Every structure is written in structure tokens, then in C-alpha cells.
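Please find one structure pasted underneath; my questions will follow.
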Amino acid sequence: TGVAEVVAGPAHSLARKGDGSVWAWGRNYEGAVGDGTTTDRLAPVRVNGLPSATSIAAGGDFSLALAGGLVWAWGVNYSGGLGCAACDGRAGPVQIPGLARIRAISALGSHVLALRDDGTVYAWGGGHLGQLGDGTLVDRDSPIVVLREAAAGSGAVNDWFLHLDPPIAPTVAPENGPVFLLAAAAA
């Protein structure tokens, strides 16, 4: 079947075919292409070890696929982009623990966002510029909740950030919090 989706990382690319297979090519630093090697690929190769994917995303030297509501990642794990504290670089897909019922993923640079079917937004990876939306400048090597659908609205309702682990309430001045992360889904 034909190609249904394409995404580009800074030095590698991914394509998802209509049959759910994922193909990749380009710089294969620490396995970003996902073919079990670190050999750069000048033509598409199939990413093995994935269930049928429904979406793909490319970060900086790492890749992600969404399959059956679960998120899979491979490549470089700098700043925690693979969502697994115990993972070094992976040349093939590994399931990100703690995530289920995910319906959309997005990656850029070293951070990742995932949208669960109930509207909950997760973030992980590089947070040094505040891009995770958790009120810190800290990298996260596993997914954290940054927005809940039921908490949309006023600052009084969005107090979920006071209960994060580790607590960030002391680091966010009341007049500056909570930090909001906006997510949109195509209709």
C-alpha cells in the first residue's frame, strides 16, 4: 500500500505506509532509523519490531511510532526523548512505559508530546527551555502529565501542577502559574 504519512527529523526521515509499516532513512546516529544498526541509510529501510503504526514522529536523532494506543521510540535518548529512564540509545523500537490510550504524538528537537483519548497531555524529554509545560526548566526522562481536559479553564481549576512529583509549586510564583500547554486535534 502507498505512503500515508511522512515526517522529517533534522537528519533522518520517516514514512508510514497504509498497511502500518514504518520506513526510515538518513543519519542513523544511535539507531534513529530503527533498523537495528547505526549505519546511515541513503534509501528507506523498514523499521522492524513495531505493531501496525497509526502515526509517526521524528525528533532530533530519535523516532516515535503510535500503535494500538501505545508509543514506541528508538534512537538517541539525550534529554530523555525515548521516555525511558533506563534506556540508552536504541537501534530498534522500545515501548515507552506508563502510556496507554494515546491517540496523537508530536516531537521536535529533544522533547515529545502525547495526547491521550481523554484529553490528557503528556510531555517528556528536553525541558531546558520550558517546552514541557511543567513549570520547570528540567529534562524529564519519563512521561509526565502537563494538561488534563477536565482542568481546562481558569487558573483556579488548573491547579494540577501543584501535585507533580517532584513538587514544582515552590518554583512557580502564584502570579505566573499555572503554566498552560495548548494542544489541538484535527477535526
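Remember, predicted model here, so these are calculated numbers, not experimental data.
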Working to the nearest 0.5 angstrom, can you tell me the gap between Thr54 OG1 and Ile105 CD1?
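Taking OG1 in Thr54 and CD1 in Ile105, the distance rounds to 7.5 Å.
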Under the disulfide bond (SG atoms under 2.5 Å apart) rule, what pairs show up with a residue in residues 11-67, not counting sequence neighbours?
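Residue pairs with at least one partner in residues 11-67: there are none.
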Taking the hydrophobic residues Ile, Leu, Val, Met, Phe, Trp and Tyr, and joining any pair whose side-chain heavy atoms are under 4.5 Å apart, which ones share a cluster with Val45?
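Its cluster partners, ordered by chain and number, are Val33.
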Taking atom OG of Ser55 and atom CG of Leu115, what is their separation to the nearest 0.5 Å?
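If we round to the nearest 0.5 Å, Ser55:OG and Leu115:CG are 11.0 Å apart.
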Salt bridge (Lys or Arg N to Asp or Glu O under 4.0 Å) pairs, two or more places apart, involving residues 14-23:
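Sorted pair list: Glu5-Arg16.
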So, using side chain to side chain donor-acceptor pair (under 3.5 Å) as the criterion, who are the partners of His12 when residues are at least two apart?
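For His12, the residues satisfying side chain to side chain donor-acceptor pair (under 3.5 Å) (neighbours in sequence not counted) are Ser63.
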Let me confirm one number: the CG-OG distance from Leu64 to Ser106, rounded to the nearest 0.5 Å.
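Going from the CG atom of Leu64 to the OG atom of Ser106 covers 9.5 Å.
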Other residues, nucleotides, ligands: >12 heavy atoms within 6.0 Å of Leu108 CG
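12 or below, so no.
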Looking at Gln131 and Gly126, would you say the former's side chain and the latter's main chain have a donor-acceptor pair under 3.5 Å?
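Yes, the answer is positive, given that a donor and an acceptor are paired below the 3.5 Å cut-off.
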For residues 78-85, which side-chain donor-acceptor pairs fall under 3.5 Å, sequence neighbours excluded?
| unit_1 | atom_1 | unit_2 | atom_2 | d |
| --- | --- | --- | --- | --- |
| Tyr78 | OH | Gly60 | O | 2.5 |
| Ser79 | OG | Asp139 | OD2 | 3.4 |

Would you say Trp124 ends up clustered with Leu66 if hydrophobic residues are merged whenever their side chains have heavy atoms under 4.5 Å apart, either directly or through other cluster members?
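Linked, Leu66 and Trp124 end up in one cluster.
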With Asp88 via side chain to side chain contact (heavy atoms under 4.5 Å, CB included) - residues at least two apart
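With sequence neighbours excluded, Asp88 shows a side chain to side chain contact (heavy atoms under 4.5 Å, CB included) to no residue whatsoever.
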Please collect all disulfide bond (SG atoms under 2.5 Å apart) contacts where either partner lies in residues 5-77, sequence neighbours excluded, each pair once.
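Qualifying pairs: none.
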Sequence neighbours left out, cut at 3.5 Å: what donor-acceptor pairs do the side chains of residues 93-101 make with other protein atoms?
| unit_1 | atom_1 | unit_2 | atom_2 | d |
| --- | --- | --- | --- | --- |
| Arg101 | NE | Asp117 | OD1 | 2.9 |
| Arg101 | NE | Asp117 | OD2 | 3.3 |
| Arg101 | NH2 | Asp117 | OD1 | 3.0 |

Just jot down the side chain to side chain contact (heavy atoms under 4.5 Å, CB included) partners of Asp40, sequence neighbours excluded, or say none.
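Side chain to side chain contact (heavy atoms under 4.5 Å, CB included) list for Asp40, sorted by chain: Arg27, Asn28.
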Following the transitive rule for hydrophobic clusters with a side-chain heavy-atom cut-off under 4.5 Å over Ile, Leu, Val, Met, Phe, Trp and Tyr, establish whether Ile56 and Leu50 coincide in one cluster.
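Looking at the clustering, Leu50 is in the same group as Ile56.
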Show the nearest heavy-atom pair for residues Gly109 and Phe62, with the distance to one decimal.
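Nearest heavy atoms, Gly109 then Phe62: O-CE2, 3.2 Å.
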Between atom CZ of Arg41 and atom CH2 of Trp23, what is the distance when rounded to the nearest 0.5 Å?
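Reported value, rounded in 0.5 Å steps: 12.0 Å.
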Common cluster, Val76/Val112, ILVMFWY with side-chain heavy-atom separation under 4.5 Å
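Different hydrophobic clusters.
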Group every Ile, Leu, Val, Met, Phe, Trp and Tyr by side-chain heavy-atom contacts under 4.5 Å, then state whether Leu14 and Leu70 land in the same group.
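Linked within one cluster.
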Side-chain cluster (under 4.5 Å, hydrophobic types only) that Val3 belongs to, other residues:
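Traced through the cluster, Val3 reaches Val6.
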Find the distance between OH (Tyr122) and CZ (Arg116) and round it off to the nearest 0.5 Å.
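Taking OH in Tyr122 and CZ in Arg116, the distance rounds to 3.5 Å.
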Would you say Leu129 has more than 12 foreign heavy atoms packed within less than 6.0 Å of its CG?
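Counting neighbours around CG of Leu129, more than 12 heavy atoms of other residues, nucleotides or ligands fall under 6.0 Å, so yes.
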So how far is it from Asp35 CG to Asn48 CG, rounded to the nearest 0.5 Å?
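It comes to 8.0 Å.
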Run the side chain to side chain donor-acceptor pair (under 3.5 Å) test against Trp25 and tell me which residues pass, sequence neighbours left out.
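Testing Trp25 for side chain to side chain donor-acceptor pair (under 3.5 Å), a comparison that skips the adjacent residues, returns none.
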Side chains of His128 and Leu137: closer than 4.5 Å at any heavy-atom pair?
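With C-beta onward as the side chain, the pair stays apart.
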Heavy atoms only: give me the nearest Cys87-Asn77 pair and the separation to one decimal.
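Closest approach of Cys87 to Asn77, heavy atoms only: O-ND2, 2.6 Å.
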Minimum heavy-atom separation for Ser52 and Gly20, please, with both atom names.
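Result for this residue pair: OG-CA, 3.4 Å.
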Please name all residues satisfying side chain to side chain contact (heavy atoms under 4.5 Å, CB included) with Pro51, sequence neighbours left out, ordered by chain then number.
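Pro51 satisfies side chain to side chain contact (heavy atoms under 4.5 Å, CB included) with Ala67, Trp72 once adjacent residues are dropped.
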